[in-house]
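Side chains are part of it too, since the values below use all heavy atoms of this structure and drop only hydrogens, waters and symmetry mates. Chain letters run A, B, ... following the sequence lines, proteins first, then strands; residues in each count from 1.
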Amino acid sequence: MTEERLMDKIIEVCTRRGFISPAAEIYGGVGGFYEYGPLGTLMMQKIIDLWRQIFVLDDDRVYEISGSVLLPESVFQASGHLESFDDPLVQCKNCKSMFRADDIILDESSIKAEGLPLEELDKIIADNNIKCQKCQGNLDKAKQFNLMFKAQVGSTGGTTAYLRPETAQNIFINFKRLAGFMRNKLPFGIAQVGSSFRNEISPRNFLLRVREFQQMEIEMFYDPAKENEHEHYEEIRDLKINLVTREMQEKGWTKPLKISIEEGLEKKLIPNQYMAFLMAMETEMLKVLGVPEDVFWFRHMQDHEAPHYSAGNYDLEADLSIGHMEIIGNALRTDYDLQKHAKASGTSYEIVVDDKKIVPHVAEPSLGVGRILYTILEKCYQDDGRGWTWFKFPSTIAPLEIAVFPLMKKDGLAEFAYDLHQDLKDAGYLSFYDVSGKIGKRYARADEIGIPYCITVDYDSLKEGSVTVRDRDTIKQIRVPVEDLEVVIGELSEGEAEFEEFGGIIS
RNA sequence: GCAUCUGUAGUCUAGUGGUAGGACUGCAGCUUCCCAAGCUGCAAACCCGGGUUCGAAUCCCGGCAGUUGCACCA
């Protein structure tokens with residue numbers, strides 16, 4: 001008997017309990033598209049809120065925008081996406097295997113064919129008698145496979161547009177206005193959350209490889225001459241991060257290097273303070289979200305792995321049940337995009353710094369909300385013989401924070417509990433009220449979706465005005481006066497107090 | 001995309017060429033009980049489209065979706 005995969009168990013709970021389900025399910029579904037249900041949406045909002053707090057609201061020099069999802073072809077012509085997201089593929093007529101045309105040409109004839117038009121690729125293949133690498137069969141004509149979704153704008157289809165493959169381009173094409181808003185003073189950052197689309201050849205692994213996904217991106221613009229004058233450097237210099245250097249990758253690594261930001265910069269393992277800042281903040285963010293520090297690291301990507309616009313990528317990878325997975329991409333985009341758009345559009349993207357005109361450089365953290373959410377789900381999933389599975393979500397990410405139950409329906413317990421539930425909602429908690437079934441079943445239901453605290457109203461509540469609070473992680477209970485409840489739950493949720501501090505454990 | 005295996009209520013599953021049973025979940029009621037699975041009742045399914053056949057959920061073909069392997073992958 002084969003052990004059921006962790007991912008399958010998580011998919012099962014997610015679909016059954018209203019986290020995430022396949023899109024257009026009743027019509028058979030579409031590969032690579034998922035829809036977030038009530039609980040999934042609450043979690044997604046919490047991830048976005050935390051990111052916004054850390055990366056945007058806490059920094060006076062960062063503002064958030066919301067750009068258009070559909071953009072004209074000219075944008076992607078300039079950005080390089082049309083070229084580098086548009087791979088020429090050839091198929092073997094015999095065994096139907098697919099190859100990238102330029103790759104197979106390079107392999108078989110050492111001719112560098114990247115970026116050549118289809119006819120030329122066909123000609124090189126014919127001239128050099130290149131055959132299928134698997135079965136030596138004849139190759140069909142090269143075809144374009146575009147990773148971008150194409151659309152026609154206008155009733156007569158006059159303008160070709162594409163769904164954005166990353167949110168970043170909105171920021172680059174609005175740079176002049178945004179720089180004006182920031183009064184043309186560096187450094188500054190522009191953030192954006194939203195959907196991006198990539199027509200992946202084979203979407204797989206649930207939320208990890210999809211065709212529509214939410215990204216949280218920031219373009220941090222700075223003067224490259226001042227790349228080590230980050231405003232908040234002092235606050236992060238002593239923080240430690242996990243790093244996998246290129247040297248480690250060549251030698252074969254088993255454990256990432258744990259290193260302080262300061263040491264990483266001194267040893268030139270981290271390129272500059274702007275990248276260091278991103279690494280530090282992302283590490284903190286994931287820890288708050290319930291992902292243990294020892295299951296993720298930053299890997300300095302090899303040259304050939306980095307995107308076309310990047311002069312160096314330090315991607316955050318997590319150790320998941322299916323293997324190592326990129327969760328966050330951190331790119332040094334230099335002035336690549338601004339230069340491209342300035343040139344293509346004829347707009348000046350220069351900013352005056354110390355009486356010199358420069359085009360700023362960019363450090364970009366690109367966070368995939370779905371991938372982060374899946375990582376949290378996997379790392380919080382518990383199957384420890386309790387009789388049911390549960391999620392050990394911290395309150396910061398738990399879709400619902402409190403459940404309120406009357407021990408029984410009668411004798412006014414239900415009314416008491418319902419009023420308490422309303423009060424907690426008014427106080428800002430995501431509270432859930434449930435009367436149906438036995439109390440044990442309700443605890444199990446709450447555990448399964450990771451509600452941290454269950455409050456039960458019993459007969460003593462009516463007499464003394466106190467309730468029991470059950471801790472999901474330990475199944476222990478304490479008795480708390482109703483008037484203290486908001487404070488107690490608040491301190492517990494913030495991790496400011498231990499459970500036992502508020503009263504004796506009830507057996 | 002290629003190959004492979006797979007597709008029965010919300011979930012897990014039984015099943016035969018004559019249109020489906022079970023368990024759990026859910027809902028209502030009983031019970032009044034502090035860790036799901038006490039009792040009664042109800043609701044709920046053969047992925048879609050063709051074909052073969054008197055008749056198909058069962059056989060065949062195609063599609064869709066998923067698994068695994070390969071390829072691809074910001």
Please state how far atom CD in Gln302(A) lies from atom C1' in A74(B), giving the value in whole angstrom units. 17 Å
Please determine, for C27(B), whether a Watson-Crick or G-U wobble partner exists with both distances under 3.5 Å, and give it or none. G41(B)
Which part of the nucleic acid, if any, lies within reach of Arg209(A) when heavy atoms closer than 4.0 Å are counted: base, sugar-phosphate only, or nothing? base
Students often get this wrong, so: under 4.0 angstrom with heavy atoms, is Glu12(A) touching a base, only sugar-phosphate, or nothing? sugar-phosphate
Measure from CG on Asp447(A) to C1' on C35(B) and round the result to the nearest Å. 8 Å
What I'd like to find out is whether the side chain of Ile322(A) reaches to under 4.5 Å of the side chain of Arg5(A), using heavy atoms alone. yes
Heavy atoms under 4.0 Å, any strand shown: does Asp458(A) hit a base, just sugar-phosphate, or nothing? base
Does the base of C34(B) carry an N or O that pairs as donor and acceptor with the side chain of Arg470(A) under 3.5 Å? no
Among Asp473(A), Asp384(A), Asp383(A), find the residue that satisfies the side chain to side chain donor-acceptor pair (under 3.5 Å) test when tested with Trp390(A). Asp384(A)
Expressed as a whole number of angstroms, how long is the span from Ile201(A):CD1 to A71(B):C1'? 8 Å
Could you check which nucleotide pairs with C2(B) in any of the strands shown, counting Watson-Crick or G-U wobble with both distances under 3.5 Å? G69(B)
Identify whether any heavy atom of Tyr309(A) sits under 4.0 Å from a base atom; if not, whether one sits that close to sugar-phosphate; answer base, sugar-phosphate or nothing. sugar-phosphate
N/O contacts under 3.5 Å, protein versus nucleotides 65-68 of chain B?
from	atom 1	to	atom 2	distance (Å)
A65(B)	OP1	Gly31(A)	N	3.1
A65(B)	O4'	Gly28(A)	O	3.1
U68(B)	OP1	Arg5(A)	NH1	2.3
U68(B)	O4	Arg204(A)	NH2	3.3

For a quick check, tell me whether the side chain of Ser202(A) and the base of A71(B) share a donor-acceptor pair closer than 3.5 Å. yes
Whole-Å distance separating the CE atom of Met408(A) from the C1' atom of C34(B): 9 Å
Do Ser196(A) and Glu166(A) meet the criterion of a side-chain donor-acceptor pair at a distance under 3.5 Å? no
Complementary nucleotide of A36(B), counting Watson-Crick and G-U pairs under 3.5 Å: none
For a quick check of understanding: with a heavy-atom distance under 4.0 Å over all strands, which category does Ile475(A) fall into, base, sugar-phosphate or nothing? base
Nucleotide G29(B), atom C1' - distance to NZ of Lys409(A) in whole Å: 8 Å
Just say parallel, tilted or perpendicular for the rings of His308(A) and Tyr336(A), cut-offs at 30° and 60°. perpendicular
Complement of U53(B), any strand, by Watson-Crick or G-U distances under 3.5 angstrom: none
Taking only nitrogen or oxygen atoms into account, show me every contact under 3.5 Å that the protein makes with nucleotides 23-28 of chain B, one pair per line with its distance.
from	atom 1	to	atom 2	distance (Å)
U25(B)	OP1	Lys441(A)	NZ	3.3
G26(B)	OP1	Arg445(A)	NH1	2.3
G26(B)	OP2	Lys441(A)	NZ	3.3

Side-chain donor-acceptor contact under 3.5 Å, Ser395(A) with Glu401(A): no
Give me the distance, rounded to whole Å, that separates C35(B) from A44(B) when you measure between the P atoms they each carry. 35 Å
Check against salt bridge (charged side-chain N to carboxylate O under 4.0 Å, His left out), Arg16(A) and Glu448(A): CA-CA 11 Å; Arg16(A) 189 163 45 79; Glu448(A) 193 180 36; 2.8 Å; yes
Side-chain donor-acceptor contact under 3.5 Å, Tyr309(A) with Thr334(A): no
Does the side chain of Thr468(A) come under 3.5 Å of the side chain of Arg479(A) through a donor N or O and an acceptor N or O? no
Students often mix this up, so state it plainly: with edges at 30° and 60°, are the rings of Phe298(A) and Phe296(A) parallel, tilted or perpendicular? perpendicular
Parallel, tilted or perpendicular, as decided by the 30° and 60° cut-offs, for the rings of Tyr453(A) and Phe499(A): parallel
Salt bridge (Lys or Arg N to Asp or Glu O under 4.0 Å) partner of Asp434(A), chosen from Arg445(A), Lys441(A), Arg442(A): Arg445(A)
Tyr443(A) atom OH is separated from C35(B) atom C1', nearest whole Å, by 7 Å
Using a 4.0 Å heavy-atom cut-off, does Ala331(A) contact any base of the nucleic acid, only the sugar-phosphate backbone, or nothing at all? nothing
Between C73(B) and Glu200(A), counting only base atoms on the nucleotide and side-chain atoms on the residue, is there a donor-acceptor pair under 3.5 Å? no
Rounding to a whole Å, what distance do you find between Gln169(A):CD and A74(B):C1'? 11 Å
Between atom CD in Glu25(A) and atom C1' in U11(B), what is the gap in whole Å? 12 Å
